[in-house]
Amino acid sequence: MTRSAPQPAVERIVEPVAHALVVGVVPGQPELVVRTAARWALAVGGTLHLAYVDTGRYVVEEHPDGTVRHAPVDPDGVDDTWDTVEADLRAWVEELLGPTSAPTRIPTGIPTSSPTSAASAAVPWVLHYLAGRPDRALTHLARAVDAAAIVVGTRAPGPGSKLRELVDGSVAVHLAHHQHRPVLTVPLDVVDWTATRSPW
């Protein structure tokens with residue numbers, strides 16, 4: 001017997017007001033994605049759940065609150081860089097959204113933060129360090145925090161970006177095809193309509 005995936009439906013719409021937004025972040029990402037998501041969160045009065053998904057690690061255990069226990073894909077390799085990546089992302093987000101109180105580490109190793117300054121008090125945020133496939137990890141987190149939508153950026157331009165998209169696929173497209181929440185895609189690079197060879 002084949003299990004069917006839950007389908008989008010009117011009764012599954014999550015009311016945006018006072019509900020969370022999940023936003024995918026990556027090191028080196030333009031700030032436009034986080035700033036766009038923060039403005040949406042401010043507009044609806046929700047919490048911003050920023051999530052980095054480390055594809056070099058896999059999920060050992062998923063928890064109901066959206067956090068995960070993770071381990072390196074290569075068990076023989078020394079992989080202690082994830083703490084540094086997490087700290088760098090936290091510093092970057094604090095720079096964009098304002099300072100936070102000291103991070104609280106929950107038992108699974110995923111830190112959380114909440115804003116304390118007046119400038120960022122309107123947009124509470126939490127940083128999640130996840131693992132595995134980005135589309136699945138963001139979907140799990142969105143379900144856990146009952147997010148109204150998921151925010152992602154388009155791929156940044158550069159050498160190999162088209163090849164990466166061909167091989168890995170678009171996270172936004174995977175999200176739109178495999179879960180029911182709206183996906184807000186923030187364009188990071190646009191092409192002039194007259195410069196395209198596309199028939200549409």
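Just so we're clear, the structure is a prediction, and the values are computed from it rather than from any experiment.
For residues 35-52, the set of pairs meeting the salt bridge (charged side-chain N to carboxylate O under 4.0 Å, His left out) definition, not counting sequence neighbours, comprises E31-R35. Pairs passing the salt bridge (charged side-chain N to carboxylate O under 4.0 Å, His left out) check and including a residue from residues 19-30, sequence neighbours excluded, do not occur. The salt bridge (charged side-chain N to carboxylate O under 4.0 Å, His left out) pairs that include a residue from residues 19-30 number zero, where partners must be two or more places apart or lie in different chains. Within the structure, salt bridge (charged side-chain N to carboxylate O under 4.0 Å, His left out) contacts touching residues 132-141 (residues at least two apart or in different chains) are R133-D135.
With sequence neighbours left out, D88 forms a side-chain hydrogen bond (donor to acceptor under 3.5 Å, both in side chains) with no residue at all. Under the rule for a side chain to side chain contact (heavy atoms under 4.5 Å, CB included), the partners of E61 that lie at least two apart in sequence or sit in another chain are H63, R69. Remark: H177 pairs with no residue by the side-chain hydrogen bond (donor to acceptor under 3.5 Å, both in side chains) rule, at least two apart or across chains. Partners of V145 under the side chain to side chain contact (heavy atoms under 4.5 Å, CB included) rule, at least two apart in sequence or in another chain, are A20, V22, H49, L141, A147. Under the side-chain hydrogen bond (donor to acceptor under 3.5 Å, both in side chains) criterion, R181 pairs with no residue at all, not counting sequence neighbours. In terms of the side chain to side chain contact (heavy atoms under 4.5 Å, CB included) criterion, A91 has no residue partners (sequence neighbours excluded). Scanning for side chain to side chain contact (heavy atoms under 4.5 Å, CB included) contacts around A172 gives V152, S170, V183, T185, with sequence neighbours left out.
Rounding to the nearest 0.5 Å gives a distance of 8.0 Å between CG of L184 and CG of L21. With rounding to the nearest 0.5 Å, the separation of CG in D189 from OG1 in T154 is 7.0 Å. Going from atom CG of L97 over to atom CH2 of W92 covers 8.5 Å, rounded to the nearest 0.5 Å. Atom NE2 in H140 sits 8.0 Å away from atom CG in L130 (nearest 0.5 Å). Between the CD1 atom in I150 and the CG atom in L138 there is a gap of 6.0 Å [rounded to 0.5 Å].
Linking ILVMFWY side-chain heavy atoms closer than 4.5 Å, directly or via other members, places V126 and V14 in two distinct hydrophobic clusters. Hydrophobic clustering places V151 together with L96 (ILVMFWY residues linked when any side-chain heavy atoms are closer than 4.5 Å, directly or through intermediates). A single hydrophobic cluster is not seen to contain both L42 and V44; linkage of ILVMFWY side chains at heavy-atom distances under 4.5 Å, directly or through other members, places them apart.
Residues V186 and L32 come closest through the heavy atom pair CG1-CG, 3.8 Å. Summarising the geometry of G153 relative to V33, their closest heavy-atom pair is CA-CG2, 3.7 Å, with the distance given to 0.1 Å. The shortest heavy-atom contact between P27 and V85 is CG-CG1, 4.0 Å. Nearest heavy atom pair, residue A148 against residue P182, reads O-CD, 3.3 Å. V123 and A41 get closest at one heavy-atom pair: CG1-CB, 4.1 Å. Looking at every heavy atom in both residues, V53 comes nearest to G132 through CG1-O, 3.4 Å.
Taking 4.5 Å as the limit, every side-chain heavy atom of W40 sits out of range of all side-chain heavy atoms of V23. Side-chain contact between E94 and W125 is present, with at least one heavy-atom pair separated by less than 4.5 Å. D146 places a side-chain heavy atom less than 4.5 Å from the side chain of H19.
The backbone N or O of P124 sits nowhere less than 3.5 Å from a side-chain atom of T47 that would complete a donor-acceptor pair. A donor-acceptor pair is defined here as one N or O able to donate and one able to accept, closer than 3.5 Å; no such pair exists between the side chain of E86 and the backbone of W82.
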